Structure formats: structure tokens, C-alpha cells
Amino acid sequence: MNRRLTFSQKLALGFALVVSLAGLVVALAISSIREVVARTDAVVNIAAQRLVDTERLHALSFKGAADSRAYLMTRNPRILEELRDTRGEFRRTLDLLAREVQTDEGRQLLAAVDRADEAYQRILLDVLATSASTSVEAAGARAERDVRPAREVLDRAIDAFLAREGRLLAEDRHASAESAQSAIRKLLLLALAAVLLATGLAFGLARSLARQITRAIRHVESSSSELQAAAGEQATGAKEQATAMAEITTTISELLATSRQISESAQRVAGIAGETAGAAKAGDQTVQRSQDSVGSIRRQVELIVGHMLELGRKSQQIGGVLEIINELAEQTNILAINATIEAAGAGEAGKRFAVVAEEIRKLADRVAGSTKDIRVLIDEVRSAVNTTVMATESGSKAVEAGARQFTEVAAAFTLITRLVGTTREAAREIELSTKQQATAVEQVNGAVANVAQATREAEASSGEALRTASQLAQMSRDLSSLVEPARAG
């Protein structure tokens, strides 16, 4: 049905279109943010975990080498059992990495690690099996000659796979950052398109309202002219017509007062809308500053994770130094034992030398015990570093969630600012319309006063004046329906 929309209906239509555009932008923003978060979670949960497992593989290799050297020096069966447990854990970690790796390069590097480990284990088991029938010095020399090169090959294979995992983690982080930047660019383009479309809608709505109000005012002015022409031709009016004109004058005066009240109310509404818009803009700026703070916190969390990983690598280096110290202590212990034996063979002349050798042996034992204590502390530090990395990752996720909430709040403040601006413009239009109506009513009031004075002379043309007054009333109702549709109904 083709009918003319009222002023309030057009405002409601414009508000609905703006809200629909805002809903579309919010939906697209949520979709883009979910995609970025999924990409980031994949980097943290998969690539970072593989890197941790590879570091663990490296640590188990070092521990196995240390256990094998300790067994060659002490021939302690408990150390041999620990060596078997370390070997089993090494194989389980290697199998886990083989299931997680998806690329051909990664599988080839893991296959190289597997081959190097098998060769190293064959040589190590052969040395351990023959160590019972040889001296400690001979077993140590063979370990240096045969076992160490195989272990160095294994370490290089593990280091190659570790470097590859670190490179993949850096590439995944870079891809995640690129995805986030792409999502931000898409959201900015969508927001700009929504702003342009909303501006076009507001401009079209304002032009349509202006045309309707102008058309109604022209009708009122035309009817007023006809009324004045008819009033000039009227004869002296009767007393009843004079009384009716007086009542019309009173009614129009009340309508004029009402129009002025509406204009004042519209001015107050416009002022309140302006204050609300300022408050909304200030809130939006506060939210933007909070969002920048959350971004800074997220960067600090990522920096902490990097420092924790660096601490883990430093602790591994300390472990290597402790291995060297432990080997020196064991060699010193062996030399002290040999010195004691030589001193005993020397008789009385070697007793003092035997005492010195015994003190050197005790000192080597204390150094070996201290290195074990330090190794335990290093393992605890590594465990604490891993726990801290996991905690900082959880904190990073919480910061990401806070950033998303701040983005939603910022979007809400932006929408509020737009709606308040639309309300302020509407209030100004209402104010202008009511002022125009008051001017028209004042003109009509003057015309009716002139008609009331000339009613006694308008008897001949009273019918024409009545019809013209009816048209004027209809035009007035049409103008009122544009401003206050409820009163028109």
C-alpha cells in the first residue's frame, strides 16, 4: 500500500538501518577475531609443544650420556637401570614427535635422529658389556674413542631437528600476526563502508523530510491566501460568526503557545543529546587507551615467554658444564686411588703421599656430590621455567580475551555516539519545524483577527470563507501529523 510515512516512522526506519549495519559489522568482527584466535592457539599449542618435546629429547640424550659415563666409572647396577629408563623415555619422546610431525623435512630429520640413536646405542651397549672385564681406564678410553663420536652425531641430528622446529614456530607466529593484520584491515574497510552508507541514509532521510514539510507549508500558505481573499469579500458578519471567530482565535493562541513549548523542549533535548555525545566520545577515548594498555601487557607477556625459554637454554648449558666438572671429579678420584695404591707399594716413604691422595679422593667425592645437587637444582629450575611458560601462555590468552571485550565495548561506544548524533539532529529538525509552525500559526492568528473584525461585512461570502477555513484546518492537521503522528491518530 502506497502511503506517506510520518516523521517518527522515518526516524525509526533510519535507526533500524543503522542498527542493522552495526550488527553486520559486529558479526564480521567476531568472525575475524575467532579466526585469528584459532590461528594463535594452533601456534601456541602445537608448534610450541613440539619445541618443548624436542628440548626434552636433547636433555634425555645428555642424561643418558652422563649415566653411561657414571656406570663405566663406578660399575653401579642402579645406574645401569637408570640408563635403561632414560633410554625408554627417549624412545617414547621420539615416537611422540614422529606422530606429531606432518612435513617430509621433519620426518627426514627425525629418521636421521633415529638412525644416529641406534648406532650410538649399539656402540654404547658393546662398551658397557665389555667394561666388566676391563679396567676403568680402558673402558673410559674406549668410551672416548668409540662412544663420544657416535654421541656427537646424535647431538648434531637432534640440534638440526631442534633448529627446524624453532624456525617453524617463528614462521607460524609470523603467519598469525599477518592474519591479525588482515582481519584489522577488513574491519576498518567494513566500518568505513558502514559509515558512508549511514551518512547516505541520513542525508536521504533529511531531504525527504524537508520536502514533505515544505509541501505542507506551501499548502497552508495557499489556503491562508484564499481565506484572506474570501474575507475581503465578506459582508458584515452576524454575532454568532463573531463568537465563533473569537473561539478560533483562542484555540490558535493555545496552539501557538504549545508550539513554543515544543520548540523549547526540542532545544533542551538537543542540548542533552550534545552532552551525551561528548560523554560517549570521552568514554570511547578511555576505552581506546585501555585497549592500548592491554596490547602493551600482551607484548610484555610474550617477552617474558622469550626470557623463560632463554633461561631454559642457559640451564642446559650449565648442565653441560656440570658434566665436565663431574668427569674431572671422577678422573681425579681415579688418580687419587691410583696414587694411594702407589703410595702403599712405596712403604713408609709413601705414607704422607697416601694421606694427600686420600684427601684428594675425598675432595673429588665432595665435588661429585655437589655436581649431583646442582644437577637436581637445574632440573627444578627447568621445571619451574616450563610451569612459568605455561602460566604466561594462559595469561596471554586472558589478555587476548580482554582485548576482544575492549574491542566490543569500543564498538558499542561508537554506535552510541552515532545514535546520539542522529537524535541530536532529529531534535534540531523538530525545533526548526515547530518554529516554522509557530510562524505560520501567528500569520493565521492575524488573519483570523482581521476576519473577526470584518465578519459583519462578510455575510455574502461566508460560505466560501467556511470552505477555505476547512481546507486550512486539513492542511494544519497534515503538518501536525508529520511532527506528532500520535496526535494525528
Side-chain angles (χ1 to χ4, degrees), residues 39-66 68 86-87 89-121 123-124 147-179 299 301-324 375 378-379 381-390 392-393 396:
R39 187 71 176 268
T40 304
D41 288 343
V43 172
V44 173
N45 296 331
I46 298 175
Q49 184 60 43
R50 281 205 307 268
L51 189 61
V52 171
D53 291 339
T54 307
E55 291 283 354
R56 180 174 177 79
L57 200 68
H58 216 304
L60 291 172
S61 174
F62 276 108
K63 188 176 186 301
S68 63
T86 302
R87 166 68 177 168
E89 189 172 358
F90 182 92
R91 295 303 305 178
R92 286 191 296 273
T93 304
L94 188 61
D95 294 338
L96 177 62
L97 288 172
R99 289 193 299 271
E100 292 177 349
V101 171
Q102 303 295 329
T103 62
D104 293 336
E105 181 186 1
R107 294 191 184 96
Q108 292 175 1
L109 292 175
L110 281 180
V113 172
D114 191 13
R115 290 193 299 271
D117 179 63
E118 292 293 339
Y120 169 72
Q121 290 299 323
I123 297 172
L124 179 62
V147 177
R148 179 179 291 274
R151 180 176 173 273
E152 290 176 351
V153 172
L154 175 61
D155 289 340
R156 285 195 296 271
I158 295 175
D159 290 337
F161 182 75
L162 181 62
R164 180 252 181 195
E165 289 300 320
R167 186 176 69 255
L168 287 181
L169 179 60
E171 291 175 355
D172 289 341
R173 286 178 176 173
H174 180 70
S176 177
E178 288 294 330
S179 178
R299 291 190 294 273
V301 169
E302 292 175 353
L303 183 60
I304 290 172
V305 172
H307 289 326
M308 289 296 107
L309 293 176
E310 181 65 22
L311 180 59
R313 288 193 291 272
K314 294 297 183 181
S315 64
Q316 290 180 355
Q317 295 176 1
I318 294 172
V321 174
L322 286 177
E323 292 296 335
I324 296 173
R375 186 180 295 108
I378 290 175
D379 291 337
V381 170
R382 290 177 181 173
S383 177
V385 168
N386 293 333
T387 303
T388 304
V389 169
M390 295 175 65
T392 52
E393 289 176 352
S396 178

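These numbers were taken from a predicted model, which means no experiment stands behind them.
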Worksheet item: Measuring from Leu60:CG to Arg87:CZ, what's the distance to the nearest 0.5 Å?
Response: 11.0 Å
Discussion item. Quick check against the 3.5 Å criterion: does Ser383 have a side-chain atom that pairs as donor or acceptor with the backbone of Asp379?
Written reply: no
Item to complete: List in chain and number order the residues that pass side-chain contact (heavy atoms from CB on, under 4.5 Å) with Ala150, two or more places apart in sequence or in another chain; answer none if no residue qualifies.
Response: Tyr120, Ile123
Worksheet item: Between CD of Gln108 and CZ of Phe161, what distance do you get to the nearest 0.5 Å?
Response: 12.0 Å
Fill in: Thr86 to Lys63 - nearest heavy-atom pair and separation
OG1-NZ, 3.3 Å
Discussion item. Checking Ala112 now: which residues fulfil side-chain contact (heavy atoms from CB on, under 4.5 Å) with it, not counting sequence neighbours?
Written reply: Arg115
Identify all side-chain donor-acceptor contacts of residues 91-99 below 3.5 Å with residues at least two apart in sequence or on another chain.
unit_1	atom_1	unit_2	atom_2	d
Arg91	NH1	Asp114	OD1	2.8
Arg91	NH1	Asp117	OD2	3.2
Arg91	NH2	Asp114	OD1	3.0
Thr93	OG1	Glu89	O	2.9

Worksheet item: So how far is it from Arg164 CZ to Leu109 CG, rounded to the nearest 0.5 Å?
Response: 6.5 Å
Item to complete: Please identify each residue that fulfils side-chain contact (heavy atoms from CB on, under 4.5 Å) with Glu310, with sequence neighbours left out.
Response: Arg313, Lys314
Discussion item. How long is the straight-line distance from CZ of Arg167 back to CD of Glu171, given to the nearest 0.5 Å?
Written reply: 6.0 Å
Worksheet item: For Glu323, what residues pass the side chain to side chain donor-acceptor pair (under 3.5 Å) criterion, not counting sequence neighbours?
Response: Arg69, Arg375
Fill in: Inter-residue atom distance Thr103.OG1 - Leu110.CG, 0.5 Å rounding
9.0 Å
Practice prompt. Tell me, please, which residues at least two apart from Asp159 pass side-chain contact (heavy atoms from CB on, under 4.5 Å).
Written response: His58
